[in-house]
There are 2 protein chains.
Amino acid sequence: MHFTISEENYIKGIFHLQQETGLVNTNSLAAEMHTRAASVTDMLKKLKAKKLLQYEKYKGFKLNEAGLKAALVVVRKHRLWEFFLVDKLKFDWDSVHAIAEELEHISSEELVNRLAQFLGDPAFDPHGDPIPDKHGSIPVIYQKILSTVPLKKSVTVSAVSNQSTQMLEMLKHYHIALGTQLMILKKFEFDGSLEIKVLKQNACIISEQVAKNIFVHDMGKTK
Amino acid sequence: MHFTISEENYIKGIFHLQQETGLVNTNSLAAEMHTRAASVTDMLKKLKAKKLLQYEKYKGFKLNEAGLKAALVVVRKHRLWEFFLVDKLKFDWDSVHAIAEELEHISSEELVNRLAQFLGDPAFDPHGDPIPDKHGSIPVIYQKILSTVPLKKSVTVSAVSNQSTQMLEMLKHYHIALGTQLMILKKFEFDGSLEIKVLKQNACIISEQVAKNIFVHDMGKTK
DNA sequence: TAATATTTTTAGATTTGTCTAAAATATATT
DNA sequence: AATATATTTTAGACAAATCTAAAAATATTA
């Protein structure tokens, strides 16, 4: 089955939204794709015709098995290329997204598998997101939201759920990246903000909002 | 200046043809691009509007300075990606063309330059074709057509001008690749065919037609 | 050079992906 | 439940890249 770049982008967009909400609606997908609701409806018809979608007019929609499979292929490619860009070409992890958006549409299956092997079959991309394997299986990881971790427990950053440029810029400022070790020194009742100690850095304060977007796991796991 | 994938493909097609013939005509470009003459004319108008082309209706056309520059960017990307596929991902040199056709359209300039650096700034791709540098300069190499080389002189294969699948398959059969060392043992007057000795292989016979597509240089040069 | 053949361009249609504006449907509010 | 609001879909238009068929320009040849 062949998909156009546009189809792949919509499939991926639906995938990301349905991870959060189960059923997806037209307007939220339009927002996600930076396009108009009418364009979304047009594409939904095409994807339904290709039997990738559970979709009833006016009722919301989500990927079916075939659609999910297609989405995982694109996600795998995106995350493998991100890994390549950071690990091999030494890009900053906060500047690779746009390039990976292009690379994810290169079609050769042979290429993806060789790339994965070349990279050492990584299980997580530079943002800590899991990379599906060639069968579409996603590795699981025991991770917690930073704000729920007990005081003085040393943990490793494993993922960041909000990947806006603003967020990534901020983390960079605090020297927080994937694999960074840190611990919570103090929790402030007033606003939920945390004083944290980042390994080899001075202690600093982060807001509750930031802490809720940082995932961590016990030291020494993963990758 | 931004180009669509289609524009880039036409620019590259024109570049390749004008290397041979100077001025290019509509039908030959249509053949090169596997499309129809009418489609070529349509695109020529667009490229002329973007000031990339010297083009008078019914008179033939060629890239101007700006067009040449654009072509060299695409050629550079194509050849760097081919190098990557063969050198890092261990693809056979005769199976990378189609994938590089897709990769060459990834737009990031930063990506290309980092890729080049990662690969060690190679000057020639796996087919022996020169890779333009970031300014569009093409390395020169002192090479000869195999059929013109004197007997018993040991030379190294540096390029193959006909890169059809058929040709590459044949070379593979004879264990001839870029960098292969060989010498001519005998030339047959009758049909111009050559008996050659490929290093570590038995002697074999190749036709004049094949020999005219193999470029060689003195041992120990290049790369 | 006049007739013929070839090459190139134009005219008009098609497909894909997008858009705006309006209509249809669903949801919320009084 | 009737009305207002929000969401979603349809209808129709547009741009890009392609096509076929026909017309125009150029080249060949008798």
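Just so it is clear: chains get the letters A, B, ... in the order the sequence lines come, proteins before strands, and each one is counted from 1.
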Rounded to whole Å, CG of A/L29 lies from P of C/dT18 at a distance of 11 Å
Name the nucleic acid region contacted by B/S39, choosing base, sugar-phosphate or nothing; use a 4.0 angstrom heavy-atom cut-off, strictly under.
base
Original post:
Looking at B/N27, does any N or O in its side chain come under 4.0 Å of the phosphate oxygens OP1/OP2 on C/dT6?
Top reply: no
Margin query: Does C/dC19 have OP1 or OP2 under 4.0 Å away from a side-chain N or O of A/T35?
Written below: yes
Across the strands shown, which category fits A/D42 at heavy-atom distances under 4.0 angstrom: base, sugar-phosphate, nothing? base
Hey, is the side chain of A/K57 poking within less than 4.0 Å of OP1 or OP2 on C/dA26, counting only N and O atoms?
-> no
> Are A/R114 and A/E109 ion-paired here, with the side-chain N under 4.0 Å from a carboxylate O?
Replying inline: no
Only one of B/K12, B/R76, B/R79 passes salt bridge (Lys or Arg N to Asp or Glu O under 4.0 Å) with B/E104, and that residue is B/K12
Here the distance between atom C1' of D/dT18 and atom NZ of B/K45, to the nearest Å, is 13 Å
B/K172 and B/D92 have their tightest heavy-atom pair at NZ-OD2, 2.7 Å
Result for 5'-nearest mapping on DNA chain C, choosing between A/Y10 and B/G60, is B/G60
Tested for salt bridge (Lys or Arg N to Asp or Glu O under 4.0 Å) against B/E7, the lone hit among B/K46, B/K50, B/K48 is B/K50
**Request:** Check every strand shown and say whether A/S6 touches a base, only sugar-phosphate, or nothing at a heavy-atom separation below 4.0 Å.
**Result:** sugar-phosphate
For a quick check of understanding: with a heavy-atom distance under 4.0 Å over all strands, which category does A/F61 fall into, base, sugar-phosphate or nothing? nothing
Separation of C/dG17 atom C1' from A/F3 atom CZ, nearest Å, is 17 Å
- What does A/T41 touch in the nucleic acid at a heavy-atom separation under 4.0 angstrom: a base, only the sugar-phosphate, or nothing? base
